Amino acid sequence: MAEPSLSSSQRNGINLSHDGSPTRASEAPQITETKPAGGQPGSGGIGSDGIARTLPDVPMIDVMGGASRAQINVLDHGFIALVDCMPRLVPQGQTADAAIVQAARVSYGHGTKKVNEDRGLIRYLLRHRHTTPFEMVELKFHVCMPIFVARQWIRHRTANVNEYSARYSILPDRFYTPNLDQVRKQSTANRQGGEELFRVHDDAQELKTAQDFVKYLDDVEGFYQRYLSLTEQGVSREMARIGLPVNMYTEWYWKCDLHNTLRFLSLRIDSHAQAEIRAFAEAMLKLIEPLAPFTIEAWRDYDLGAMQLSRLEIEALQRLLAGTSVNAADGALVSDNSRERAEWASKLEKLAKGST
Ligand SMILES: Cc1cc2nc3c(=O)[nH]c(=O)nc-3n(C[C@H](O)[C@H](O)[C@H](O)COP(=O)(O)OP(=O)(O)OC[C@H]3O[C@@H](n4cnc5c(N)ncnc54)[C@H](O)[C@@H]3O)c2cc1C
């Protein structure tokens, strides 16, 4: 696979390519001197170009720790790399959370300024779905993923995307092929899902089925040589590509604000999302967590790890707590719909886990 060449070090599974040596925001170079183009640098003074520039009164650090790129490899040939973000520079000791707090204080005033108060403010904002301050942080990723993952990903419409053009260039020879022990069976409970794995180590028939599946992908991959040959014979790239399979890798730049990125993560880390896009979402979370730690902590508490209860479910829970219902698992308390009853049962199971 042709990946960007990285002069990189690897920490916590993240490859960091450097402009300098630092790898974490706390170790990042301090930027103490700024040289604005034109005019005089100063604290609020108006330069000769008529622009008033304010220099920071504390040292600034790069939230990406001086790295030009932080990459995690995903699946067999894919990767996700954080290549830029906004804010990139923040006062020493802070993170990109500072931009959220700064925006929120436009509406709430300057009353709270300490770091622990920043955390409280961020938690309040996220809990009460005051979402716009989270749009003040922007994240830009370079992603290489199979086309079938890209098709799910592109449904998140609030991002800005620029994709590799297979009309302009030949697609590189990169196909996603899961290992035998990663082949999933069709779920019986969820028509969209594939959860249980084929028992390739202790069931000969299941091993054979998984092998047949991988062989089928190999056969499809064989079309790549014909694709190349047809383009060499003069078939346009835009036509030749239409016979290629969706396990082929594509690449794009994907830029999104933090609010909508968190929505993407909520939907795509969820167990209902397909395993392959989940792998990218989990890597994305790992990349952004150090950039906005208070926000990610609050999101884990109030969104990812939270549970939504319907009015009917709350009433059933109230009856349960009051002791007026002997059978909480009786789905009829909640709904006459079988799927809703199943969802209620799984919520109860999750709640019960903490009580044992
Ligand atoms: C497990 C799973 C299964 C799925 N299955 C299918 C499927 O079978 N078929 C299918 O077609 N899709 C499917 N999807 C895609 C899904 O329907 C959404 O399109 C996708 O998750 C993007 O969500 P979103 O619209 O909230 O995100 P974004 O497009 O990023 O939008 C974020 C938010 O912005 C707002 N917004 C964005 N655009 C508009 C708009 N035009 N008008 C009003 N508000 C807007 C909405 O509040 C939205 O929630 C599935 C998604 C998941 C997670």
Side-chain angles (χ1 to χ4, degrees), residues 74-75 78 80 82-86 96 99-100 103-104 125-143 145-163 176 178 182-197 245-247 250-288 291-292 295-296 298-300 302-310 337-340 342-347 349-350:
V74 185
L75 305 182
I80 177 165
L82 181 70
V83 293
D84 209 352
C85 66
M86 186 181 90
I100 297 159
L125 295 170
L126 216 131
R127 204 164 58 243
H128 293 279
R129 297 187 214 167
H130 184 158
T131 54
T132 47
F134 298 98
E135 295 168 18
M136 297 299 159
V137 174
E138 290 277 339
L139 303 155
K140 185 160 76 175
F141 298 94
H142 178 196
V143 194
M145 78 242 98
I147 291 170
F148 70 89
V149 170
R151 284 187 57 182
Q152 297 178 335
W153 203 313
I154 200 69
R155 300 302 308 281
H156 297 264
R157 297 158 290 175
T158 44
N160 306 110
V161 186
N162 201 70
E163 188 176 4
Y176 168 60
Q182 292 172 324
V183 181
R184 304 184 293 276
K185 294 181 189 173
Q186 174 57 45
S187 161
T188 48
N190 175 357
R191 284 194 198 176
Q192 271 196 339
E195 287 146 5
E196 199 189 331
L197 298 170
V246 292
N247 67 331
T250 183
E251 286 184 36
W252 64 32
Y253 276 79
W254 191 84
K255 182 174 77 65
C256 193
D257 64 59
L258 182 57
H259 166 62
N260 285 297
T261 300
L262 291 178
R263 176 158 182 83
F264 171 87
L265 290 176
S266 301
L267 291 168
R268 300 302 179 178
I269 286 183
D270 189 273
S271 61
H272 294 94
Q274 184 161 345
E276 284 79 8
I277 196 167
R278 265 162 54 198
F280 283 92
E282 277 156 14
M284 180 190 281
L285 176 58
K286 195 169 175 181
L287 289 171
I288 68 171
L291 265 61
T295 302
I296 299 296
W299 168 78
R300 283 186 192 279
Y302 301 128
D303 186 329
L304 188 68
M307 178 189 291
Q308 191 171 5
L309 295 178
S310 70
N337 175 289
S338 62
R339 176 164 279 205
E340 285 183 41
E343 286 173 18
W344 170 235
S346 95
K347 286 179 189 176
E349 196 184 346
K350 195 171 167 189

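In each ligand, atom 1 is the first atom listed, and ligand 1 is the first ligand listed. Not measured: the values here are computed from a predicted model.
Between the choices Arg268, Arg151, Gln274, the shortest heavy-atom distance to atom 2 (C) of ligand 1 belongs to Arg268. When Arg263, Arg278, His272, His259 are checked for heavy-atom proximity to atom 48 (C) of ligand 1, Arg263 turns out nearest.
At a 3.5 angstrom cut-off on N or O pairs, Asn260 does not count as close to ligand 1. When only interatomic distances are considered, the shortest N/O to N/O separation between Arg157 and ligand 1 falls below 3.5 Å.
Residue contact check: Leu267 has heavy atoms under 4.0 Å from atoms 21 (O), 23 (O), 53 (C) of ligand 1.
Using cut-offs of 30° and 60° on the angle between ring planes, the pair Tyr253 and His142 is parallel. In this structure, Trp252 and Trp153 have perpendicular ring planes: the angle between them is above 60°, well past the 30° mark. In this pair, Phe264 and His156 present their aromatic rings perpendicular. The plane angle is above 60°, beyond the 30 to 60° band.
Counting only N and O atoms by type, the side chains of Trp344 and Ser310 include no donor and acceptor under 3.5 Å apart.
Residue Gln152 places every heavy atom at 4.0 Å or more from ligand 1.
Distance check, rounded to the nearest 0.5 Å: CZ of Arg268 to CD of Gln152 gives 5.5 Å.
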